[in-house]
Participant: 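I'd like to ask you about the structure that follows.
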4 protein chains.
Amino acid sequence: MSPRPDVSEQRKDQILAAATKVFTKHGFSNARMDDIVAESGLSKGALYWYFDSKDAIIVSILDQIFDYETAHVHEILEIEDSAQAKLEVFVDTTIRDIEKIKPLMPILFDFWSLSVRKKTINQAIKRYYQNFLDLIEPIIEQGIEQGEFRAVEVKGTAVALGAIYEGTILFYLYFSDTIDIEKQFKSNLDLVLEGLLQNP
Amino acid sequence: MSPRPDVSEQRKDQILAAATKVFTKHGFSNARMDDIVAESGLSKGALYWYFDSKDAIIVSILDQIFDYETAHVHEILEIEDSAQAKLEVFVDTTIRDIEKIKPLMPILFDFWSLSVRKKTINQAIKRYYQNFLDLIEPIIEQGIEQGEFRAVEVKGTAVALGAIYEGTILFYLYFSDTIDIEKQFKSNLDLVLEGLLQNP
Amino acid sequence: MSPRPDVSEQRKDQILAAATKVFTKHGFSNARMDDIVAESGLSKGALYWYFDSKDAIIVSILDQIFDYETAHVHEILEIEDSAQAKLEVFVDTTIRDIEKIKPLMPILFDFWSLSVRKKTINQAIKRYYQNFLDLIEPIIEQGIEQGEFRAVEVKGTAVALGAIYEGTILFYLYFSDTIDIEKQFKSNLDLVLEGLLQNP
Amino acid sequence: MSPRPDVSEQRKDQILAAATKVFTKHGFSNARMDDIVAESGLSKGALYWYFDSKDAIIVSILDQIFDYETAHVHEILEIEDSAQAKLEVFVDTTIRDIEKIKPLMPILFDFWSLSVRKKTINQAIKRYYQNFLDLIEPIIEQGIEQGEFRAVEVKGTAVALGAIYEGTILFYLYFSDTIDIEKQFKSNLDLVLEGLLQNP
DNA sequence: GATGAATGAGGATTCATTCAT
DNA sequence: TATGAATGAATCCTCATTCAT
């Protein structure tokens, strides 16, 4: 009488995957629980067994996405190299994962929208961006300390980098036909590095 | 004898103002027509007299916002000056209007979200950003031709500027307590100009 | 200063004509006053000036139609001839006017439907059919008295004739492509006359 | 363990019965879904679980009625007897079921009305009447072939019989106080048979 | 007489959630 | 655990009617 294996994690992932698909297609508000039920292949009762509500699913997706993104961003922390090299690695990994990031943007839009009204969502997003800044700032500081970069204002520069990162993905969504995202990110980096680096 | 004065434009503005308020507070999907009715001080029938549907109101708001933003952006076209001076004016007018732009962001989030599914919305947004690029590119070209700027790739640089603009406003929404938006925009401009300007 | 000519009858007819068209197309319930306004070329206020309500328009149309039909039926009363000849004239005038009657059937359907619930409508229809019977019965009586027809039961035969009349138009509505209405009415008459006439 | 018994057919019937009642009372357009909900004893959600819309309910009722009527008409096909006998059986079964048919007439009115605008409804009715004609025609042919009937035009006679059938029920609705429906149908039959039968 | 903007009760439909099995 | 039928509050939109001008 071996106990049944715990399938709950598996089920939850199944539901979140289905929900992500459905939310991407319809947006949070227009997505129906029945859509998620259909997409997941489970029953309505099962959905409510694993998640208390539609909101609970949404929040779980938020966690999932930001966990992934944060992990992604943290990769560069591992690198032992010049500040410039770190930024280059950051751009490279972003380019590498852009096709995974892109389909999540519709959901991100909804999160941005929700964050206006839901404090939890707002805080989660803020935490995520803070995380991003917390990572970038030391790199800039390192660059300045080691004489690579000019003595720029650190916080403002970090925000500028975050802004250009999010903004570029946004523009790419509307101009994916005319923007070569790889070139674009490299071009962004050139522009910024040119502004950051000490004149030789 | 005297024909009733035509109040239809007034009424439409009244409705759009109310709708903007309500949409900002609740988001498109969660906003109820009854909310707009209450906020506008008109009746439900009046709303539907001037607008065919909730969607029609949303689209009208989109037009209104983008008309405003486009006009705003075009101000710099008038200036006869160096490319650098034009960019500086752009930053100045943005700073000047930031408090008007900020409360519209929640609505912009919903538009971004909607644009994934509604082609008309998508096209309107794309047109707006294209407009932005069409304005910025000649400035960069002017800067290069007149020897102010390095020979950067024009299109990519324009996108970078658009990205940093939208992205900064986004970050400002989440960090309005720690970001001094005026300084931030100026800092952005410094960074970019430093990257663009010929080394003397 | 001659007084303005009274256009109210003209206006009423204009409205009833428009209403008939609209009711034919949409049915009573689905027809909107705005449709009638548009079709009539008048204003909404004008409509309500001449008719108190949608119902009032409907009732007026009922009167109009039945007046017409009754007049139509009464034509045969004028004829001085054998009973058989009178029935033949009745068939002929029906055939002659069938294209005018046919487009009124959709409205008649609605009147039948309404008559279930509205006593006034019910009575109007009943009166109309009674009228029909009052006309046909003397003809049958005449036929019997003068030895043309067998000694059938008068009332029942009149109802049978009314039934076959209404029923034929009904079938014609669904089979106008395969029924030659002229032949059909003549065939009906033959059948009935064959049943009524004394065997020679 | 035991699976819940499938009550969906039962529920559908429950809803259709309630809807028939409500439609009879108010007509299609004026009947409210809430009326059907109340009459059925179910909830609004349940109604929409089993039927997509008010229209779907209407169509289902159409099917139900015509299935019943068609079955009813087909009874005579079984009989092995003279053409005259078959027509007599038809009249007898009609008389037998008249009290079941009568309350459905208000609904039939609405179907006739709807059929003007809705092709599906039109086709269903047409199919039903065609069915009727397809049944009657062979009987008339049989009568002619076997020398019972005169050599009448078959199709036209079938239409005449259908017409007198529908028309009689119609008149009966308005004159149920003065028409003895049993006598009336027998009288109709006599009249027609007298017209059809060979003179001895 | 005539206009047409404005009213607001009414009604079809949706969908997150529940719960008996 | 899992099912899916059932619930009913919520919400968009319609349209007959009114009335200030």
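Computed from a predicted model, the values in this text were never measured in an experiment. Below, chain A is the first sequence line, B the second, and so on; all start at residue 1. Values reported hereafter were calculated over all heavy atoms of this structure, with side chains retained and with hydrogens, waters and symmetry mates removed.
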Participant: Give, ordered by number, those residues of residues 31-46 of chain D having at least one heavy-atom distance below 4.0 Å to an atom of DNA chain E; if nothing qualifies, reply none.
Facilitator: D/Ala31, D/Arg32, D/Met33, D/Lys44
Participant: For DNA chain E, produce a single dot-bracket line, 5' to 3'. Pairs: Watson-Crick or G-U wobble, both distances under 3.5 Å. Symbols: ( ) within strand, [ ] crossing, | other strand, . unpaired.
Facilitator: .||||||||||||||||||||
Participant: Can you name the one residue among C/Trp112, C/Tyr68, C/Phe66 that meets ring pair (Phe, Tyr, Trp, His ring centres under 6.0 Å) with C/Tyr128?
Facilitator: C/Phe66
Participant: Can you list the residues that meet the side-chain hydrogen bond (donor to acceptor under 3.5 Å, both in side chains) rule with B/Ser8, with sequence neighbours excluded?
Facilitator: B/Asp6
Participant: Could you check whether any side-chain N or O of A/Ser113 sits under 3.5 Å from a backbone N or O of A/Phe109, counting only pairs where one atom can act as donor and the other as acceptor?
Facilitator: no
Participant: Of all residues at least two apart in sequence or in a different chain, which pass the side-chain hydrogen bond (donor to acceptor under 3.5 Å, both in side chains) check with D/Arg127?
Facilitator: none
Participant: Rounded to whole Å, how long is the line connecting atom CH2 of A/Trp49 with atom P of E/dT17?
Facilitator: 17 Å
Participant: Treating A/Thr20 as the side-chain partner and A/Leu16 as the backbone partner, does any N or O pair qualify as donor plus acceptor under 3.5 Å?
Facilitator: yes
Participant: Can you pull the salt bridge (Lys or Arg N to Asp or Glu O under 4.0 Å) pairs that have at least one residue in residues 17-33 of chain D, sequence neighbours excluded?
Facilitator: D/Lys21-D/Glu39, D/Arg32-D/Asp35
Participant: Got a sec, which pairs hit ring-ring contact (aromatic ring centres under 6.0 Å, His included) with one end in residues 7-45 of chain D, sequence neighbours left out?
Facilitator: D/Phe23-D/Phe28, D/Phe28-D/Phe111
Participant: Please give, in whole Å, the distance from E/dT13 P to D/Ile15 CD1?
Facilitator: 14 Å
Participant: Do any of residues 51-63 of chain D sit with a heavy atom less than 4.0 Å from DNA chain F, and if so which?
Facilitator: none
Participant: Using salt bridge (Lys or Arg N to Asp or Glu O under 4.0 Å) as the criterion, list what pairs up with B/Asp13, not counting sequence neighbours.
Facilitator: none
Participant: Please report the distance, rounded to the nearest Å, between OH in D/Tyr48 and P in F/dA10.
Facilitator: 18 Å
Participant: Quick one: do A/Ile121 and A/Val59 satisfy side chain to side chain contact (heavy atoms under 4.5 Å, CB included)? Show the steps, please.
Facilitator: CA-CA 8 Å; A/Ile121 307 287; A/Val59 170; 4.3 Å; yes
Participant: Under the side-chain hydrogen bond (donor to acceptor under 3.5 Å, both in side chains) test, which residues partner A/Asn122, sequence neighbours left out?
Facilitator: none
Participant: Within this structure, what is the CG-to-C1' distance between B/Asp6 and E/dG4, rounded to whole angstrom?
Facilitator: 12 Å
Participant: Judged by modelled atom types alone, do A/Ser53 and A/Tyr48 share a side-chain donor-acceptor pair under 3.5 Å?
Facilitator: no
Participant: Just N and O in the side chain of A/Arg11: are any of them under 4.0 Å from OP1 or OP2 of F/dA2?
Facilitator: yes
Participant: List for me each residue that meets salt bridge (Lys or Arg N to Asp or Glu O under 4.0 Å) alongside D/Lys118, sequence neighbours excluded, and say none if there are none.
Facilitator: D/Asp55
Participant: May I have all residue pairs that pass salt bridge (Lys or Arg N to Asp or Glu O under 4.0 Å) and include part of residues 42-53 of chain A, sequence neighbours excluded?
Facilitator: A/Asp34-A/Lys44
Participant: A/Leu47 CG to E/dC15 C1': how many Å, rounded?
Facilitator: 14 Å
Participant: Using heavy atoms and a sub-4.0 Å distance, could you list which residues of residues 22-30 of chain D are near DNA chain E? By number, please.
Facilitator: none
